[in-house]
K.L.:
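One structure follows; several queries about it will come next.
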2 protein chains.
Amino acid sequence: MSLRFAIITSLLEREATGLELTRRFDRSFGYFWPASHQQIYRELRSLLDAGLIEEKGDPARPGRGQPRVVGVTEEGVASLRRWIGELDEPRPERSSLAVRIRAAAATGELGGVEDAVRRHLAAHTATLETYREIERRDFADRLLDAEGELHHLVLRSGLANEQAWIGWCEDALELLQRLRRSE
Amino acid sequence: MSLRFAIITSLLEREATGLELTRRFDRSFGYFWPASHQQIYRELRSLLDAGLIEEKGDPARPGRGQPRVVGVTEEGVASLRRWIGELDEPRPERSSLAVRIRAAAATGELGGVEDAVRRHLAAHTATLETYREIERRDFADRLLDAEGELHHLVLRSGLANEQAWIGWCEDALELLQRLRRSE
DNA sequence: TGTTGCATGTAAGACGTTACATGATTTG
DNA sequence: CAAATCATGTAACGTCTTACATGCAACA
């Protein structure tokens, strides 16, 4: 469901074609809800069918290869407003790294898992740096309007998450090295 | 892929029937890789076909309704050991709460999102308390073997994650209240 | 004997990923 | 005009969720 409303929100911020949306998801929206262009086109079709978005601009150019700009309808905005307050439990977290560590605990295969942790640490460190650059670029001055404050809040969620992961990975490496030495 | 190896690991720790596995996933393994009984039975079938697990106990009782205990084969253990070191990037995080906050920023619908944040805060607080209870129960004494240390490490990943979420939710509520007052 | 609980399954649909297909526009 | 790029799609597959179906055992 969230993808649907992520798209409506993004289109509400500004009308776009499918590919422009895809790029927005690669560049910003996708940091908290990733989506490929295939998912986006499929969802756009369904949103058009439901009347929540509509085609803007010259409708006399159908067919493949032609950019099709879409925008949100009144009904789309109404459904978005309703969705915001709907019941929403946190989705279960899945950590393949935790599975690997339990597997290592059960088999004694400690070397492989250490490599895996190191790769995760590198990835999280890179993501953290990306988020910090965005923060410097977009949220450096302290005079933000409500919309800016909320965007910053979302970014801080990513920052906190990456920092928590990095701290834990460092912890994990320390433990794994200690266990390996004392074997 | 991870579910497959989560099941092998759990069966390596101890043989089980499908339902026993399901309960283990509800009670411990599922904190970092949730799975329903449908997923588990499907994967068990596939693991049997692949020869990575095999039926233990009386094979003369086939059919429905009868418990079927399975255990890991030599080949299963080998494939688990191989998997531990395989390339594994962190899977993209998805946050429906972040989508809601961006939607609130775009529509001005701040009341609904505040409720959503409060519910997430309550859920994360409850999960944190569960993890703390497990920590008190299973990891209170400081004399753990390697396996115990690794299990504790996995638990600490959950603890760190929940704590990060709770801190952020409190932050978010503060901001949302401030924005509401200054409207 | 009917209800409850245990145990194993089937089916359908939503969501995600990967690979590929097709048309239009730009530019070397 | 060939190649690259932009843009919109299709298809197949795998995973996850939700709802339902079937059989056995205990027991009131």
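Only a predicted model underlies this, so the values are computations on that prediction, with no experimental measurement involved. Chain identifiers are assigned alphabetically (A, B, ...) following the order of the sequence lines, protein sequences preceding nucleic acid strands; residue numbering begins at 1 within each chain.
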K.L.:
Considering every strand and a 4.0 Å limit on heavy-atom distances, what is the contact class for A:Arg94: base, sugar-phosphate, or nothing?
P.N.:
sugar-phosphate
K.L.:
Expressed in angstrom and rounded to an integer, what is the separation of B:Arg45 atom CZ from C:dA11 atom C1'?
P.N.:
16 Å
K.L.:
In whole angstrom, what separates A:Met1's CE from D:dT17's P?
P.N.:
15 Å
K.L.:
At a heavy-atom distance below 4.0 Å, what parts of residues 19-39 of chain A sit against DNA chain D?
P.N.:
A:Leu19, A:Arg23, A:His37, A:Gln38
K.L.:
Calculate the interatomic distance between A:Leu47 atom CG and C:dC15 atom C1'; express it in whole Å.
P.N.:
15 Å
K.L.:
Excluding sequence neighbours, so at least two apart, what forms salt bridge (Lys or Arg N to Asp or Glu O under 4.0 Å) with B:Glu129?
P.N.:
B:Arg136
K.L.:
Which sits closer to the 5' end of DNA chain C, B:Thr17 or A:Leu3, going by the nucleotide each is nearest to?
P.N.:
B:Thr17
K.L.:
With sugar-phosphate meaning primed atoms plus P, OP1 and OP2, does A:Arg42 contact a base, only sugar-phosphate, or nothing at under 4.0 Å between heavy atoms?
P.N.:
base
K.L.:
When the side chains of residues 168-175 of chain B are checked against the rest of the protein, which donor-acceptor pairs come out under 3.5 Å, sequence neighbours left out?
P.N.:
unit_1: B:Trp168; atom_1: NE1; unit_2: A:Leu153; atom_2: O; d: 2.9
unit_1: B:Asp171; atom_1: OD2; unit_2: A:Arg156; atom_2: NE; d: 3.4
unit_1: B:Asp171; atom_1: OD2; unit_2: A:Arg156; atom_2: NH2; d: 3.2

K.L.:
List in chain and number order the residues that pass ring pair (Phe, Tyr, Trp, His ring centres under 6.0 Å) with B:Phe29, two or more places apart in sequence or in another chain; answer none if no residue qualifies.
P.N.:
B:Phe25, B:Phe32
K.L.:
Salt bridge or not for A:Glu89 and A:Arg91, using N-O below 4.0 Å?
P.N.:
no
K.L.:
Check salt bridge (Lys or Arg N to Asp or Glu O under 4.0 Å) between A:Arg180 and all other residues, then give those that pass, not counting sequence neighbours.
P.N.:
A:Glu114
K.L.:
Without swapping roles, check the side chain of B:Arg94 against the backbone of A:Pro34 for a donor-acceptor pair under 3.5 Å.
P.N.:
yes
K.L.:
Can you measure A:Phe5 atom CZ to C:dA14 atom C1' for me and round it to whole angstrom units?
P.N.:
14 Å
K.L.:
Nearest whole angstrom, please: distance from the P of D:dT18 to the OH of B:Tyr41.
P.N.:
19 Å
K.L.:
Please enumerate all residues that pass salt bridge (Lys or Arg N to Asp or Glu O under 4.0 Å) together with A:Arg82, with sequence neighbours excluded.
P.N.:
none
K.L.:
Rounded off to whole Å, could you give me the CZ-to-C1' distance for the A:Arg68 and C:dG23 pair?
P.N.:
14 Å
K.L.:
C:dG9 C1' sits how many Å from B:Glu43 CD, rounded?
P.N.:
15 Å
K.L.:
Please state how far atom CG in B:Leu44 lies from atom P in C:dA7, giving the value in whole angstrom units.
P.N.:
14 Å
